[in-house]
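Working notes, beginning with the structure itself.
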Amino acid sequence: MSGNREAMLEKLSSLAEEQAKAVAGGGERSVARHHTRGKLLPRERIELLVDEGSAFLELSPLAGWGSDFTVGASVVTGIGVVEGVECVVTANDPTVKGGASNPWTVKKIFRAAQIAEENGLPTVSLVESGGADLPTQKEIFIPGGKLFRDLTRASARKQPTVALVFGNSTAGGAYVPGMSDYTVMVKEQAKVFLGGPPLVKMATGEESDDESLGGAEMHARTSGLADYLAEDERDAIRIGRRIVARLGRRPRPAPAAYAEPDADPEELLDLVPADLKEPFDPRDVIARICDGAGPGNAVAFDEFKPLYGTSLVTGWARLHGRPIGILANAQGVLFSQEAQKAAQFVQLANQSDTPLLFLHNTTGYMVGKEYEQGGIIKHGSMMINAISNSSVPHLTVVLGASYGAGNYGMNGRAYDPRFLFTWPSAKSAVMGPAQLAGVLEIVAQQSAESKGEVFDAEGFGAIKEMVQAQVEEQSLPHFLSGMLYDDGVIDPRDTRTVLGICLSVIENQPWTGAAGYGVFRM
Ligand code: COA
């Protein structure tokens with residue numbers, strides 16, 4: 001086994017351990033209690049909701065990693081196919097703190113709503129939540145209002161919203177069924193009220209009970225908040241599928257026939273060196289994720305400007321029969337030529353309305369007198385300008401390094417790619433940990449000297465080590481994914497399938513290439 005493969009498999013096994021924490025939800029005891037109540041887990045509900053045998057693309061499974069909250073942030077989100085329609089699905093996990101929403105839950109649902117908006121998808125919410133996580137309410141109460149605003153704005157854009165209520169949906173949570181186009185409630189389980197019996201007693205002195213305040217029967221027969229009364233959870237899911245089938249979404253034409261990749265995707269595990277200082281050829285990645293040569297696709301990867309700016313590979317390919325333009329780092333550093341080549345290539349993709357795929361392995365733009373005098377800032381700005389104003393859909397996969405402004409020029413998170421996934425080998429930060437600690441040391445030394453003090457190099461050594469270790473930890477995929485800076489860390493072998501789903505999803509909304517850009521500095 002190659003050293004690269006061994007290192008990648010180790011990272012994958014640590015990733016699997018973290019993902020298992022999200023799947024375990026609130027732990028054995030609360031899962032068992034939930035099952036004893038005759039209820040299904042969020043992933044079981046999703047499995048019954050989506051079409052049999054179809055893939056569910058789970059998003060942000062590591063949300064909240066490294067925080068005090070359970071990995072996954074008490075909600076499952078993703079894209080699933082329901083009655084042939086691609087939908088954003090959100091499902092509270094009631095086994096984690098009663099499904100209460102903590103700050104990461106809210107961020108994760110915001111991201112799911114953004115995906116629904118940008119790609120024009122319906123949203124199906126599988127609701128069972130204790131509302132706001134009360135101990136952290138100060139962080140979620142004010143921004144959390146956007147959850148409900150997003151639902152009604154989606155509806156106004158004709159992106160339908162469906163709520164299936166399986167249990168508690170209290171206080172602010174009551175506005176999920178309240179703001180959705182369709183609401184289904186499960187008999188003897190759904191509880192939807194602005195305030196439960198104790199709160200009502202405190203507020204008005206009125207004596208009440210759960211059923212009369214917010215039971216499914218009451219809402220179906222009396223308040224009218226429930227459009228459908230489901231006999232049980234499976235019935236609710238059946239009704240939900242029926243609703244989606246009638247949303248009037250038109251079937252899209254199937255993509256062109258395509259050939260499988262020219263090289264074996266299994267070998268993707270061998271390509272990335274354990275030490276990212278060693279370069280690797282992104283053409284080897286492209287050959288394992290894109291369609292092979294075949295009818296209508298004479299060349300698997302039609303490279304553009306192959307002899308110019310060779311540290312960035314650009315070219316045209318197809319993935320699951322859909323055309324894409326690819327920009328991929330080769331030698332790590334971006335020079336002026338690479339930046340200019342990128343700016344031209346992005347404009348060409350916009351001329352032909354072709355989506356773009358960015359494959360990151362960059363340490364950023366080249367520094368040094370020669371490069372500054374050669375206009376590296378102007379040229380990097382040109383690349384960032386093209387990418388920022390490009391209006392074709394962008395997909396990003398961080399394969400290896402993603403440092404400095406290279407993260408921006410290659411369409412990192414701040415540049416709003418439709419989807420951004422990370423390989424377990426990725427690392428992202430303002431600069432490498434050793435460089436960052438070294439820069440800090442030089443700055444501290446100069447500062448001491450300017451004050452006429454003696455610089456304590458030995459004492460600073462400990463600080464330097466600590467900072468380096470901290471930046472190293474914060475550059476890793478688990479950490480960044482935990483902060484929702486990507487849509488998930490994926491097994492390299494799944495890249496083709498994941499990108500194939502994304503390319504299908506973006507087709508739900510038409511796009512045209514950019515008509516104009518910011519002023520290009522020549
Ligand atoms: N914030 C923080 N923690 C919450 C919570 C909330 N809103 N709702 C429930 N929890 C916690 C409980 O403290 C308990 O924690 P523990 O396992 O560490 O003891 C865990 O979630 C499970 O709660 P429990 O009441 O045992 O589960 P249940 O399934 O019987 O009931 C609820 C779940 C959600 C119906 C019930 O906990 C409840 O009514 N919560 C408050 C709902 C509310 O009024 N929210 C208003 C917020 S705006």
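Because only heavy atoms are used, hydrogens play no part in the values below, and waters and symmetry mates are left out as well, while side chains stay in. In each ligand, atom 1 is the first atom listed, and ligand 1 is the first ligand listed.
Two residues are said to be in side-chain contact when any heavy atoms from C-beta on lie closer than 4.5 Å; Val192 and His219 meet this criterion. A heavy-atom distance below 4.5 Å is not found between the side chains of Val162 and Ser180.
Counting protein heavy atoms under 4.0 angstrom from atom 21 (O) of ligand 1 gives one or more. In this structure, atom 47 (C) of ligand 1 is in close contact with the protein, since a protein heavy atom lies within 4.0 Å of it. Remark: atom 1 (N) of ligand 1 lies closer than 4.0 Å to at least one protein heavy atom. Proximity of atom 35 (C) of ligand 1 to the protein is indicated by at least one non-hydrogen atom lying closer than 4.0 angstrom. Per-atom contact check: atom 27 (O) of ligand 1 touches the protein, criterion being a heavy-atom distance below 4.0 Å. Protein non-hydrogen atoms do reach within 4.0 Å of atom 9 (C) of ligand 1. Per-atom contact check: atom 39 (O) of ligand 1 does not touch the protein, criterion being a heavy-atom distance below 4.0 Å. Protein heavy atoms are absent from the space less than 4.0 angstrom from atom 13 (O) of ligand 1.
When the shell of 6.0 Å around CD of Glu44 is examined, it contains more than 12 heavy atoms from other residues, nucleotides or ligands. Counted within 6.0 Å of CD on Glu47, heavy atoms from surrounding residues, nucleotides or ligands total 12 or fewer; the atom is thus considered open. Applying the 6.0 Å contact sphere to CG of Asp209 captures more than 12 heavy atoms from other residues, nucleotides or ligands. For NZ of Lys158, the number of neighbouring non-hydrogen atoms (other residues, nucleotides, ligands) closer than 6.0 Å is 12 at most.
Taking every heavy atom of Arg37 and a limit of under 4.0 angstrom, the matching atoms of ligand 1 come to 28 (P), 29 (O), 30 (O). For ligand 1, the atoms sitting less than 4.0 Å from at least one non-hydrogen atom of Ala171 are 48 (S), numbered in the order shown with element in parentheses. Near Ala100, with a cut-off below 4.0 Å to any heavy atom, the atoms of ligand 1 are 1 (N), 5 (C), 6 (C), 7 (N). For ligand 1, the atoms lying closer than 4.0 Å to a non-hydrogen atom of Pro135 are 2 (C).
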Sequence neighbours left out, cut at 3.5 Å: what donor-acceptor pairs do the side chains of residues 115-124 make with other protein atoms?
{"from": "Glu118", "atom 1": "OE2", "to": "Gln114", "atom 2": "NE2", "distance (Å)": "3.2"}
{"from": "Asn119", "atom 1": "OD1", "to": "Arg418", "atom 2": "NH1", "distance (Å)": "2.7"}
{"from": "Asn119", "atom 1": "ND2", "to": "Ile115", "atom 2": "O", "distance (Å)": "2.9"}

Please tabulate, for the side chains in residues 471-479, all donor-acceptor contacts under 3.5 angstrom to protein atoms that are two or more places apart in sequence or on a different chain.
{"from": "Glu472", "atom 1": "OE2", "to": "Lys427", "atom 2": "NZ", "distance (Å)": "2.8"}
{"from": "Ser475", "atom 1": "OG", "to": "Val471", "atom 2": "O", "distance (Å)": "2.5"}
{"from": "His478", "atom 1": "NE2", "to": "Ser14", "atom 2": "OG", "distance (Å)": "3.0"}

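Closest heavy-atom approach to atom 6 (C) of ligand 1 among the candidates Gly131, Ala132, Gly98: Ala132.
Looking at Asp487, its side chain never comes within 3.5 Å of a backbone N or O of Leu59 through a donor-acceptor pair.
Here the heavy atom of the protein found nearest to atom 44 (O) of ligand 1 is Thr170 CG2, 4.0 Å. Of the protein's non-hydrogen atoms, the one nearest atom 23 (O) of ligand 1 is Arg33 NH2, 4.2 Å. Regarding atom 45 (N) of ligand 1, its nearest protein heavy-atom neighbour is Gly130 O, 2.9 Å. Distance from atom 16 (P) of ligand 1 to its nearest protein heavy atom, with residue and atom name: Lys97 NZ, 3.8 Å.
Checked for salt-bridge contact, Arg43 and Glu58 meet the test: a charged N lies under 4.0 Å from a carboxylate O. By the 4.0 Å N-to-carboxylate-O rule, Glu507 lies close enough to Arg322 to be salt-bridged with it. Taking the charged nitrogens against the carboxylate oxygens, Glu128 and Arg45 do have a contact shorter than 4.0 Å, which makes a salt bridge.
Contacts of Asn168 with ligand 1, taken as heavy-atom pairs under 4.0 Å, involve the side chain alone.
Looking at ligand 1, you'll find an N or O of Leu134 within less than 3.5 Å of one of its N or O atoms.
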